Amino acid sequence: MAKKQVYDHGKIEKKWQKKWETSKIYKTDDKTLKLGQKKFYVLDMFPYPSGEGLHVGHPKGYIATDVVSRMKRMSGFKVLHPMGWDAFGLPAEQFAIKNKTNPMIGVKKTVARFKKQVSIIGLDYDWDREINTTDPKYYKWTQWTFLKMLEAGLAYESHEPINWCPSCKTGLANEDVEDGKCERCGTPVEKKPLRQWVIKITKYADRLLNDLEALEWPEPIKDAQRNWIGRSEGAEVTFKTNTGVDISVFTTRVDTLFGVTYVVVAPESKLIAEFGNNIKNQKDVAEFIKNTSKISDIERTAADKPKNGLKLEGVVAINPANNEEVPVFIADYVLANYGTGAVMVVPAHDTRDYAFAKKYNLPIREVIIPERVDLRNPPRKGKETVERQNIHAIVKNKKGEFLCLKWNKFNWLTFPMGGVEKGEDVVEAARREVAEETGYKNLKLVKVLGGQVRAEYFAAHKDQNRTAFTTAVLFDLIDDEQGEITDENDCDVLWLSKEKVTTENMTHAEMDIWLKRLVDMNDMSFVDDGVLINSAKFTSLKSEEARGKIAKAYGKLVTKYKLRDWVFSRQRYWGEPIPVIHCAKCGVVPVPYKDLPVVLPKVKSYEPTGTGESPLANILSWVNVKCPKCKGPGKRETNTMPQWAGSSWYYLRYMDPKNDKALVDPKKEAFWSPVDFYVGGAEHAARHLIYARFWHKFLQDIGVVKYSEPFKKLQNVGLIMGEDGRKMSKRYGNVVNPDTIVETYGADTLRLYEMFMGPFDQEITWKTDNIIGVRRFLERVWRMHERVVDDKKTNAKKGVAKKDAPGLENATEILFNQTIKKVTDDINTLGFNTAISQMMILVNQLEKSEAIPKSVYLTLIKLLAPFAPHATEELWMLLGQKGSVHTSGWPEYDSKKLVLNTITVMVQVNGRVRDQFSAELGISKEEMEKLALDSKYIQDNFAGKTPARVIVVPNKIVNLVY
RNA sequence: GCCGGAGUGGUGGAAUGGUAGACACGCACGACUCAAAAUCGUGUCUCGCAAGGGGUGAGGGUUCAAGUCCCUCCUCCGGCACCA
């Protein structure tokens with residue numbers, strides 16, 4: 001048949017890449033779009049073409065989308081698989097500064113290099129749809145959308161302090177700050193008041209949160225977004241002050257309102273100025289504010305976070321719940337831009353407040369206590385309920401044993417315990433009870449073990465239900481001196497080791513709490529929900545119930561988000577100009593739509609000015625324009641947009657890349673949206689993926705797009721690490737260049753290897769040594785073509801009828817069908833590694849036969865085509881097939897031929913495999929059981945015995961339980 | 001601290017609750033060769049000569065049966081973090 005041919009990957013790959021380019025077989029023709037036609041939009045997160053070039057980690061995602069795209073095309077879908085460039089931003093600008101050339105030139109070069117590197121891998125992009133965010137024809141529509149947002153009141157100017165990177169000399173959005181440092185250069189970020197454009201993304205917070213639900217995204221990414229949006233429900237309560245200015249606070253724990261012992265205001269809060277001369281220590285306050293602003297965020301939020309504050313002398317706030325006057329502080333642990341910028345402080349029930357209160361020696365008032373119901377002595381119906389103040393005395397001797405009482409009458413095991421009598425404090429009461437019940441006199445107080453615990457139980461010795469508020473007091477025993485035991489209860493006094501003092505052994509319902517407090521002696525603030533005490537008419541309510549009632553009585557329920565509005569200005573050159581004009585008379589005037597795009601002018605110096613103005617401010621001929629409204633003198637906005645602007649909607653432009661009348665033709669948008677499959681790095685969870693979702697929702701609101709979400713299914717690519725286990729980076733000298741691998745092993749091998757390495761979404765270490773495995777596989781497939789024969793011949797040889805093609809032995813034919821099914825399923829679920837391994841299994845099997853039916857081989861070639869497009873295309877041609885394998889149909893399997901007729905049944909004894917036997921598929925349960933009992937192992941070991949139980953799993957297992 | 005994810009041979013990894021280690025790398029031995037490379041074959045979790053036993057981070061539990069489900073803990077990775 002086919003003549004002998006060597007597998008020369010270099011020659012083959014170059015040849016087909018050229019042919020595909022000229023024949024445009026991957027072009028997505030959309031002249032004939034019909035709604036309802038099967039479509040598949042598969043998208044890579046487009047790259048920032050940096051000068052560094054690619055390493056082998058970069059194309060992993062591109063290869064995956066390529067495999068999916070090719071498989072879908074072969075399956076008859078209309079496929080959109082485009083690529084473009086996200087090219088605005090700092091790296092290109094730094095390049096410009098260094099070389100004093102327009103960044104456009106640098107971008108052109110790096111794009112060309114990038115494209116070349118991508119091309120040799122044989123990806124099936126439709127390059128006619130290539131886009132570039134820095135192309136004025138593209139950013140015209142970025143600017144257009146901004147104007148629409150301005151119109152909708154979503155874009156506004158603000159002068160509040162923002163994150164400022166002193167090294168990049170530009171403002172940053174919250175999302176661009178990591179650990180208090182600039183995400184790009186690592187410089188600690190400062191706060192700087194600056195005029196800037198901000199977008200009200202917070203208005204979409206609820207929709208961004210709720211719509212996550214229906215997305216087929218990895219759960220961790222959805223979680224990261226939920227976290228970032230940070231919805232929290234709470235209450236706003238207003239504290240009146242003696243200054244006439246009210247302080248409004250936000251809290252999620254309004255149930256603790258009666259425990260407020262002071263109020264704290266953020267140093268940056270406007271309230272400070274509003275209090276004015278009421279503040280008696282103005283000088284100190286000013287000093288404190290100055291010092292706080294000097295410290296960068298990174299220090300302010302450093303590891304152990306010391307909380308600094310200062311009392312505002314002369315200012316007192318009134319707790320609306322109890323009309324109590326409480327002092328007002330400023331402190332650095334309160335943020336101005338979350339909630340109301342002021343908090344009510346409840347040291348007893350918040351760890352931060354607790355730390356602050358301890359440091360400044362402020363009162364701590366407990367209003368929530370844990371509660372337990374004693375399940376072993378639950379309250380009984382019909383019995384009187386008595387409230388009691390109790391103590392539990394926990395006494396430890398030098399051996400570390402605890403003093404306990406064994407109650408003979410009730411089978412109880414308790415600490416010495418009892419009620420607090422009039423005029424006694426808890427420590428006195430505890431000493432008294434120990435003396436009365438055990439005789440021990442000499443105790444040294446260690447500490448009171450936190451606050452009270454509420455417990456409900458039945459006190460059998462007094463025949464009444466108790467609601468006890470119990471305090472535990474911890475003592476060390478000084479010596480064994482014992483007085484007389486005066487208590488009349490029949491108890492034995494015991495010393496029990498630590499191991500015996502457990503929740504199981506001890507009768508106290510509060511035991512788990514005591515044990516926890518014995519271990520962690522420091523943290524005494526109780527932050528969980530519980531039962532209210534000291535809270536007037538709300539006392540005895542549970543936290544949750546109390547929140548609703550207290551909020552209603554003294555404030556209102558509100559919802560807050562951690563998400564902040566999007567700081568949209570950059571004081572840099574290389575970005576989309578924000579299309580507005582400032583006019584002395586008319587204020588902010590949008591550039592008329594017909595004048596878009598506002599093209600970025602060429603400048604001599606790209607250096608950032610650092611003054612808060614972008615370098616554009618120096619180009620007077622560009623800056624000075626007529627006001628479009630009054631025709632008077634105006635000035636262009638010189639801030640530019642962040643890099644995230646252009647990438648927030650690029651996926652829409654691929655659908656209609658050359659349209660100069662609209663952002664995208666609605667018909668095309670309706671056909672292609674949403675992106676069916678989106679692949680990229682997990683690092684974009686909180687930025688690109690939030691901005692893009694927001695942008696899309698806005699476009700939906702103004703009728704540009706049809707659906708509410710842009711990306712239906714998202715998949716993260718796992719990083720490829722260097723051979724040393726570290727991130728691939730020039731810094732570590734562990735970079736592997738894909739060009740070298742393609743040169744030595746071929747693009748098909750590289751593709752197969754990257755897909756075979758391991759689970760697609762998992763981080764994995766590159767090992768050049770392992771590549772040889774997939775290369776050998778490819779060579780075996782290649783050599784096999786020499787043994788291909790017409791199906792008629794193999795059928796004749798095996799004596800099978802023609803219709804039973806492909807004329808394989810039964811077992812092989814089953815394997816063949818299984819392979820078609822598994823490869824198809826696995827590509828759909830991104831199990832590329834197991835898809836390849838299944839093909840390897842088939843090939844290993846086919847290797848054993850002398851002749852391979854042509855139809856079988858052609859099917860194998862098709863299955864392999866998405867992974868190794870060049871070699872398979874060549875083999876397709878060598879076997880005399882017409883057209884391209886990539887436009888041939890995707891194979892289908894025979895669902896009747898997925899399982900063998902002869903099965904192997906395992907015989908288990910007590911769940912462990914001991915023997916096996918063969919049987920016909922579909923054998924009855926009874927038959928299986930009988931054969932299992934007849935098996936050699938059972939006969940040898942259990943002859944004559946009847947199993948206690950028999951479990952039969954049809955066609956698989958018989959488990960005999962003896 | 002909070003929220004996620006993951007721990008399986010020498011290595012990468014595979015296993016709808018049903019034969020743990022598929023597939024591949026590496027290694028060992030063998031065939032071919034004057035020889036080597038390439039290729040092909042056999043073996044390769046572990047203890048044991050064997051029969052047999054043990055084994056999926058640790059410990060418990062559910063089940064006829066657990067890598068898989070539940071609980072406690074340990075380790076590693078990722079995200080968020082003074083968000084009231």
Side-chain angles (χ1 to χ4, degrees), chain A residues 178-180 218-228 230-232 234-235 249-254 256 264 266 297 300-302 304-307 331-335 337-346 349-353 355-356 523 527 560-564 682-683 685-686 716 719 752-753 756-759 761-777 779-780 783 831 833-844 847 904-916 947-962:
Chain A
E178 269 175 14
D179 274 336
E219 208 47 47
I221 300 290
K222 290 208 229 177
D223 263 325
Q225 292 217 347
R226 285 187 196 111
N227 214 321
W228 190 264
R231 180 189 161 98
S232 74
V249 301
F250 174 70
T251 177
T252 53
R253 289 299 303 274
V254 74
T256 64
V264 174
D297 264 20
R300 201 165 145 181
T301 62
D304 37 19
K305 303 162 195 170
K307 296 179 180 16
D332 58 2
Y333 78 99
V334 174
L335 305 172
N337 56 358
Y338 181 74
T340 58
V343 297
M344 61 179 224
V345 179
V346 188
H349 305 296
D350 181 280
T351 49
R352 293 156 305 182
D353 295 350
F356 191 78
D523 187 13
V527 299
K560 298 278 177 196
Y561 299 91
K562 281 201 270 183
L563 184 74
R564 305 293 147 82
E683 68 275 16
N716 293 124
L719 276 182
L752 268 173
Y753 176 60
F756 183 64
M757 290 174 86
D761 58 351
Q762 190 178 299
E763 179 182 301
I764 202 154
T765 305
W766 177 270
K767 286 219 168 71
T768 301
D769 282 353
N770 288 8
I771 295 176
I772 195 67
V774 286
R775 168 73 194 200
R776 280 178 194 149
F777 164 65
E779 282 175 8
R780 280 210 294 278
R783 279 197 306 270
N833 54 335
T834 46
I836 293 168
S837 113
Q838 182 67 32
M839 287 189 276
M840 286 173 168
I841 294 170
L842 177 65
V843 166
N844 289 348
E847 284 270 78
T904 305
V905 176
M906 309 312 296
V907 180
Q908 294 185 336
V909 174
N910 301 331
R912 300 209 64 120
V913 176
R914 297 302 182 196
D915 207 339
Q916 61 185 57
R949 203 173 156 186
V950 181
I951 291 98
V952 180
V953 183
N955 298 319
K956 264 187 183 156
I957 276 175
V958 181
N959 189 13
L960 305 168
V961 183
Y962 282 97

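Just so you know, these numbers come straight off a predicted model, no measurement behind them. The figures here come from the full heavy-atom set of this structure, side chains too, leaving out hydrogens, waters and symmetry mates. A, B, ... follow the sequence lines: proteins, then strands. Residue 1 opens every chain.
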Looking only at the side chain of [X] (C-beta and beyond, no hydrogens), which of the listed nucleotides [options] gets closest?
| X | options | result |
| --- | --- | --- |
| A:N770 | B:C25, B:A84, B:U19 | B:C25 |
| A:F250 | B:C40, B:G18, B:A84 | B:A84 |
| A:I951 | B:U19, B:C40, B:G18 | B:G18 |
| A:E847 | B:C40, B:A24, B:C64 | B:C40 |
| A:I957 | B:C82, B:A24, B:U19 | B:U19 |
| A:K956 | B:C23, B:C64, B:U16 | B:U16 |
| A:N227 | B:A24, B:C25, B:G79 | B:G79 |
| A:V913 | B:C64, B:A20, B:A84 | B:A20 |
| A:W228 | B:G55, B:C80, B:C25 | B:C80 |
| A:T834 | B:G18, B:A14, B:G54 | B:A14 |

Under the side chain to side chain contact (heavy atoms under 4.5 Å, CB included) criterion, do A:W766 and A:M757 qualify, and how do the steps go?
CA-CA 8 Å; A:W766 177 270; A:M757 290 174 86; 4.2 Å; yes

Just call it for [X]: base, sugar-phosphate, or nothing, with non-hydrogen atoms closer than 4.0 Å on any strand.
| X | answer |
| --- | --- |
| A:S232 | sugar-phosphate |
| A:D353 | nothing |
| A:I221 | nothing |
| A:N959 | base |
| A:P759 | sugar-phosphate |
| A:V953 | base |
| A:I764 | sugar-phosphate |
| A:K767 | sugar-phosphate |
| A:F777 | nothing |

Side chain to side chain donor-acceptor pair (under 3.5 Å) against A:T340, all qualifying residues, sequence neighbours excluded
none

Have A:N844 and A:R780 got a donor and an acceptor in their side chains that come within less than 3.5 Å?
yes

Spell out yes or no: do the side chain of A:E763 and the base of B:G78 have one donor N/O and one acceptor N/O closer than 3.5 Å?
no

Pairwise P distance, B:C2 and B:U72 [rounded to whole Å]
13 Å

Using the P atom on both, measure B:U19 against B:G13 and round to a whole Å.
23 Å

Pull up the glycosidic torsion of B:G78 and say syn or anti, syn being anything within 90° of 0.
anti

Ignoring backbone atoms, test whether [X] places a side-chain nitrogen or oxygen under 4.0 Å from the OP1 or OP2 oxygen of [N].
| X | N | result |
| --- | --- | --- |
| A:R226 | B:C2 | no |
| A:N833 | B:A14 | yes |
| A:R775 | B:A24 | no |
| A:Q762 | B:A6 | no |
| A:Y338 | B:A84 | yes |
| A:R914 | B:G53 | yes |
| A:R776 | B:G26 | yes |

Complementary nucleotide for B:C40 - Watson-Crick or wobble, under 3.5 Å
B:G30

Quick check: do A:Y753 and A:R775 have side-chain heavy atoms less than 4.5 Å from each other?
no

Is the closest side-chain heavy-atom distance between A:Q908 and A:V913 below 4.5 Å?
yes

Quick one: does NZ or CZ of A:K307 land under 6.0 Å from the six-membered ring centre of A:Y333, within 45 degrees of the ring axis?
yes

So, A:D761 side chain and A:N716 main chain: donor-acceptor pair closer than 3.5 Å or not?
no

